[in-house]
Amino acid sequence: MNHRRFWRPLAAAALIFSLASCAPSLQQYQHNTPRLDLQQYFNGRVEAWGLVQDFNGNVTRRFQVSIDGKWQGDTGTLDEHFVFDDGEKQFRRWTLTKLDSQRYRGTADDVVGEAEGEVAGNTLRWRYTLRLPVDDTTYDIAFDDWMYQMDDQRLFNKATLSKFGVQVGEVTLFFQKVAPAAN
């Protein structure tokens with residue numbers, strides 16, 4: 001079998017697909033209000049509801065997540081408690097660092113390397129690779145999250161999930177600020 005003939009069409013298709021699915025420019029949101037301040041929004045209790053869709057758009061999971069956020073200076077901790085529609089529970093602790101007025105870095109136990117985020121106006125683009133266990137296998141899935149603050153209480157999130165540059169699913173979330181951090 002000629003391996004070049006096999007891989008060439010696959011590589012060309014992946015390139016065309018990746019060019020067709022380019023994300024919008026973050027800077028187009030720089031004048032949108034209210035201005036997203038992660039230290040303010042994710043300080044205290046936030047509840048969220050979401051769903052996972054496969055590459056065909058079929059809803060495969062639904063979930064609720066309770067987030068407790070605390071900041072000390074430019075370092076924040078977000079404790080996320082997930083409950084899925086099948087009863088599964090998961091926990092993730094993010095450690096976020098504000099690098100400057102627009103850029104953030106984050107780590108979590110199931111994140112490969114570091115997450116990178118940038119804010120413009122009411123919008124955050126947050127990119128990372130998450131190590132996801134599925135049955136007896138673990139997959140490294142790239143997440144490209146776009147978060148849009150609607151008002152002081154509500155934020156929407158749309159994430160595309162990809163493997164080897166090919167979109168394999170989407171996650172949609174709605175966040176609701178419940179309570180500020182206790183002093």
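Below, each value reflects all heavy atoms present in this structure, side chains not excepted, and no hydrogens, waters or symmetry copies. Start at 1 with the first residue, then count along the sequence. Remember, predicted model here, so these are calculated numbers, not experimental data.
Cluster membership check: F156 does not share its hydrophobic cluster with V52, using side-chain heavy-atom separations under 4.5 Å among Ile, Leu, Val, Met, Phe, Trp and Tyr. Taken together through direct or relayed side-chain contacts under 4.5 Å among Ile, Leu, Val, Met, Phe, Trp and Tyr, F84 and V59 form parts of separate hydrophobic clusters. Under the 4.5 Å side-chain heavy-atom criterion for Ile, Leu, Val, Met, Phe, Trp and Tyr, V112 and Y139 are members of distinct hydrophobic clusters. Under a hydrophobic clustering in which Ile, Leu, Val, Met, Phe, Trp and Tyr are joined whenever their side-chain heavy atoms come within less than 4.5 Å, directly or via other members, V168 and V111 fall into the same cluster. In terms of hydrophobic clustering, with Ile, Leu, Val, Met, Phe, Trp and Tyr side chains grouped at heavy-atom distances under 4.5 Å, V65 and W146 are assigned to different clusters.
No donor-acceptor pair closer than 3.5 Å links the side chain of K89 to the backbone N or O of H81. Between the side chain of Q39 and the backbone N or O of G73, at least one donor-acceptor pair lies under 3.5 Å.
Taking the side chain as every heavy atom from C-beta outward, L36 and L155 approach each other to under 4.5 Å. The closest side-chain heavy-atom distance from R61 to D86 is below 4.5 Å. Between L38 and K98, the closest side-chain pair of non-hydrogen atoms is not below 4.5 Å. Considering only heavy atoms from C-beta on, W126 comes within 4.5 Å of L96 through its side chain. Proximity of L124 to D145: side-chain heavy atoms (C-beta onward) are nowhere separated by under 4.5 Å. Side-chain contact between R154 and Q176: present, with at least one pair of heavy atoms (C-beta onward) separated by less than 4.5 Å.
If you look at F143 and Y128, their ring centroids are closer than 6.0 Å. Centroid-to-centroid, the aromatic rings of W94 and Y104 stay 6.0 Å apart or farther.
To the nearest 0.5 Å, atoms CD (E170) and OG1 (T60) are separated by 11.0 Å. For the atom pair T97 OG1 and E114 CD, the distance stands at 8.0 Å (nearest 0.5 Å). Going from atom CG of N122 over to atom OH of Y41 covers 12.5 Å, rounded to the nearest 0.5 Å. The OG1 atom of T160 sits 11.5 Å away from the CD1 atom of I141 when rounded to the nearest 0.5 Å. How far CG of L161 is from CG of D54: 11.0 Å, rounded to the nearest 0.5 Å. The structure places OG1 of T123 at 10.5 Å from CD of Q30, a figure rounded to the nearest 0.5 Å.
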For residues 129-136, dump all side-chain donor-acceptor pairs below 3.5 Å to protein atoms at least two apart in sequence or in another chain.
| from | atom 1 | to | atom 2 | distance (Å) |
| --- | --- | --- | --- | --- |
| R131 | NE | D140 | OD1 | 2.7 |
| R131 | NH2 | D140 | OD1 | 3.4 |
| R131 | NH2 | D140 | OD2 | 2.9 |

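Contact detail for P34 and M150: the closest heavy-atom pair is CD-O, 3.6 Å. Scanning both residues, I67 and E80, for their nearest heavy atoms gives CG1-CG, 4.0 Å. N32 and R35 make their closest contact through O-NH1, 4.0 Å (heavy atoms, listed as atom of the first residue, atom of the second, distance). Minimum heavy-atom separation, A48 to L173: CB-CD2, 4.0 Å.
Remark: F175 pairs with F42 by the ring pair (Phe, Tyr, Trp, His ring centres under 6.0 Å) rule, at least two apart or across chains.
With salt bridges taken as basic N to acidic carboxylate O contacts below 4.0 Å, one links R92 and D110.
Residues in residues 66-78 take part in these side chain to side chain donor-acceptor pair (under 3.5 Å) pairs, two or more places apart or across chains: R45-D68, E47-S66.
Heavy-atom contacts from other residues, nucleotides or ligands closer than 6.0 Å to CG of N58 number more than 12.
With D144 as reference, R125 is the one residue of Q167, K158, R125 to meet the side-chain hydrogen bond (donor to acceptor under 3.5 Å, both in side chains) rule.
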Determine, stepwise, if the pair F63 / V171 fulfils side-chain contact (heavy atoms from CB on, under 4.5 Å). CA-CA 10 Å; F63 61 93; V171 175; 4.0 Å; yes
Decide side-chain contact (heavy atoms from CB on, under 4.5 Å) for Q53 and T172; before the verdict, give the C-alpha distance in whole Å, the side-chain angles of both, and the deciding distance to 0.1 Å. CA-CA 8 Å; Q53 293 172 275; T172 305; 4.1 Å; yes
